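Worksheet: the structure to be examined is printed underneath.
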Amino acid sequence: MVFEKELNLDATELRLGLPGSSEESLRISNKRALPDMNDDSGVAAAKKCDQETAPPTKAQVVGWPPIRSYRKNSLQTKKTEAETGGMYVKVSMDGAPYLRKIDLKVYKGYPELFKALEDMFKFKVGKYSEREGYNGSEFVPTYEDKDGDWMLVGDVPWEMFINACKRLRIVRGSEARGLGCVV
Amino acid sequence: MAEQMSDDDERQQSPPSDLDFTSNRARTCIVTGSVSGHTEFQSPYPDQVLENVLENVLHFLTSRRDRNSASLVCKSWYRVEALTRSELFIGNCYAVSPGRATARFTRVRALHLKGRPRFADFNLMPPDWGAHFNPWVLAFAKACPWLEKVYLKRMSVTDDDLATLAESFLGFKELVLVCCDGFGTSGLAIFVSKCRQLKVLDLIESEVSDDETDWVSCFPEGESHLESLIFDCVECPINFEALERLVARSSSLKKLSLNRYVSIGQLYRLMVQAPQLTHLGTGSFSPTEIAGQGDQEPDYVTAFAACKSLVCLSGFREIIPDFLPAIYPICANLTSLNFSYANITAEQLKPIISNCHKLQVFWVLDSICDEGLQAVAATCKELRELRVFPVDAREDSDGPVSEVGFQAISEGCRKLQSILYFCQRMTNAAVIAMSRNCPDLVVFRLCIMGRHRPDHVTGEPMDDGFGAIVMNCKKLTRLAVSGLLTDKAFDYIGRYGKLVRTLSVAFAGDSDMALKYVLEGCPQLQKLEIRDSPFGDAALCSGLHHYYNMRFLWMSSCRLTHQGCQQIARAMPRLVVEVIRFADEEEMDDCVQTLYMYRSLEGPRNDAPKFVTIL
């Protein structure tokens, strides 16, 4: 028992799954139950039966357990915001025929975000200043916050921004002149 | 709100006839000379008297089954019954065409339609399978202009359909959309702006696309007739000021369910305007990000206390548990409480639930653990319906609830009629206990999330547990099974489940015998949905005697072949046999991925997408 714990088999275990997801998910079922699970001998035996009759991998099956995606998503949005899951927001640009989606968690700060947006939509973000917003570009990045207000990207610290940002919109410079300060 | 979700409100048996119905109101009889248009055998006068009398009498017939029986007596009764049916229920929108329905029932005031099969909710069917509301709304617009109420479940409704609805029916009063999709906020905007008599707009677990239209502002100005506005499933921000004004001018408003974009501060403002509410969905139940410093916190407790008629509470979409004490004043009055989006602990639940002595319907997340369920069992002696949903809906996650909470409920809540319970482990003993403690069970749905999982104490299959349920719960009409099950469980179901109308099976059974037991043993079976179970063509054939009595059969990832399904299709001309395959599937072998078959008067539908083959 002690020997096994020192080896820390969990950490080196090969599994399919996003980093940070629960140990129990997507586990290949040939593995023996870990000592810290139900130590009922009945369970160990049951698990064995389970393995013999179950399909070869315990990968997630479509539509099982039977929870409507609506319900799953409602709880997911809270979970992923709390954990290290993705934080996808829609991005629209005036004049573009369709929207894109990006994962804000992927970027470490505004510079990376702007670079990604510039690559995606083929435009240039201007130079940011607190007083004047963005100078030197026709396009200005804005975002909708949790209150439904449209704000200029860059005014608040990055962490606060990614938690408040619901969607992004790249507006034409002329429309964005009204923005520039947080109400 | 909770009651609308229960699929087992059909207390009566659905007879072989394709059309069912519910209650109608008595109305003054309009005497017309020629009701049918063609002359009958006897002289006209006695016939007229008979039909007038019949019309008045039949108005009082409320049950679907009674009305169907009445319509079979003779032609005269058939005609009069058709004229006096004001509420039309069609359990499968493809069982009968809109034209046929409107031709027979010309004075329908309420239409209740169901579309997709339930397993479509779990991504077991590609989207765009069908169940379009469009042909129905067009047919009814032409034939039944007095239509006032439409209730749709699992149907695709477009923005245009909503516009047609609002424009074609001048007195339209009630729209209820459950698990529907295909429309957006612009459709809602047109609908609400044109329905001047609207009393009820209930959007329940439907997918509403965000066209960025401010639909709440589109309600007409002036006094509103709204009695119920439920939009908690609408996943986009709304114009709160417009909503506030709407609530202020809706003096009849009794039911209001907000979406998660409404903060608790905004909720407060609405509650102050509408203390007469009986049903409330609280929205996010958390404050907005930027709370003003030094702003006075509204007196939530007083706001709740003022709602003396509040009996049904839901919402809590992004709950901050610190605000829970606000609802203490109304707990004692609550008959229905929906915490199924609130990730709260047993400790947070206890002060609430210990006051909910009148509670009959309780939906909750398994975050409350067995301990929370024990608290429910200790207080909620009137509980009729319990649903426990998983926070973590994965097969191998930790299970915070188990047979311990389950058994506690069975011991404390003896009047239980309906249970839906998700868990990771269960024992036969606990299920047997519930079968004995709760003899009034009508709906029993147990979902042991790990596939093929046996009794975790004995290692045995779960056969005996489910066997006890069908044996002891004599009123059982709906059953969903799970865990490790052999053919024996199905033998029990066939032998004792004589009233079972709906059966859901997943990853269960050993052989064809299991399905045979059920098809041969359950005379009331209407809806059978099976996935990933080893049942083949022989089993399918054993149900030939019964398929015309059923609404549908769904079998996916079983052992059916094209040949077997063809046999059924040939033997039963009034059955539509659909074989559905997913896009990326190889067409090579004879195996049928998904079979969905249903009785129908119309034959193969003409709107089937490419991935559906009708045999």
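Below, chains carry the letters A, B, ... as their sequence lines are ordered, and counting in each starts from 1. Computed from a predicted model, the values in this text were never measured in an experiment.
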Indicate yes or no: does B:Asp210 engage A:Lys90 in a salt bridge with an N to O separation below 4.0 Å. no

Contacting moiety of B:Cys233, where chain A heavy atoms sit under 4.5 Å: both

Chain A contact via B:Phe240 - which portion, at a heavy-atom distance below 4.5 Å: neither

Segment of B:Phe389 engaging chain A (4.5 angstrom heavy-atom cut-off): side chain

Note: A:Ile67 and B:Pro390 closest approach over all heavy atoms is CD1-CD, 3.4 Å

If you count every heavy atom of other residues, nucleotides or ligands that lies below 6.0 Å from B:Arg559 atom CZ, does the total exceed 12? no

Are A:Pro66 and B:Cys447 side-chain neighbours, meaning at least one heavy-atom pair lies under 4.5 Å? yes

Spatial distance of atom CZ (A:Arg71) from atom CG (B:Leu365) [nearest 0.5 Å]: 7.5 Å

For B:Gly450, is there any backbone N or O sitting under 3.5 Å from a side-chain donor or acceptor partner on A:Trp64? no

Between A:Pro65 and B:Glu395, what is the shortest heavy-atom contact and its length? CD-N, 4.5 Å

Close side-chain approach of B:Pro237 to A:Lys166, heavy-atom, < 4.5 Å: no

Sub-3.5 Å donor-acceptor pair from the side chain of B:Arg317 to the main-chain atoms of A:Ser74, do we have one? no

Minimum side-chain heavy-atom gap A:Tyr70-B:Glu235 below 4.5 Å: yes

By a 4.5 Å heavy-atom criterion (distance strictly below it), what part of B:Ser504 contacts chain A: side chain, backbone, both, or neither? neither

Which atoms of B:Ile238 approach chain A - backbone, side chain, both or neither, heavy atom under 4.5 Å: neither

Quick check on A:Met120: does its CE atom have over 12 non-hydrogen neighbours (other residues, nucleotides or ligands) under 6.0 Å away? yes

Closest heavy-atom contact between A:Val62 and B:Asn123? CG1-O, 3.4 Å

CZ on B:Arg394 to NZ on A:Lys72, rounded to 0.5 Å: 10.5 Å

More than 12 foreign heavy atoms under 6.0 Å from CD of A:Glu118: is that the case here? yes

Lys/Arg N to Asp/Glu carboxylate O, A:Lys146 vs B:Glu318, below 4.0 Å: no

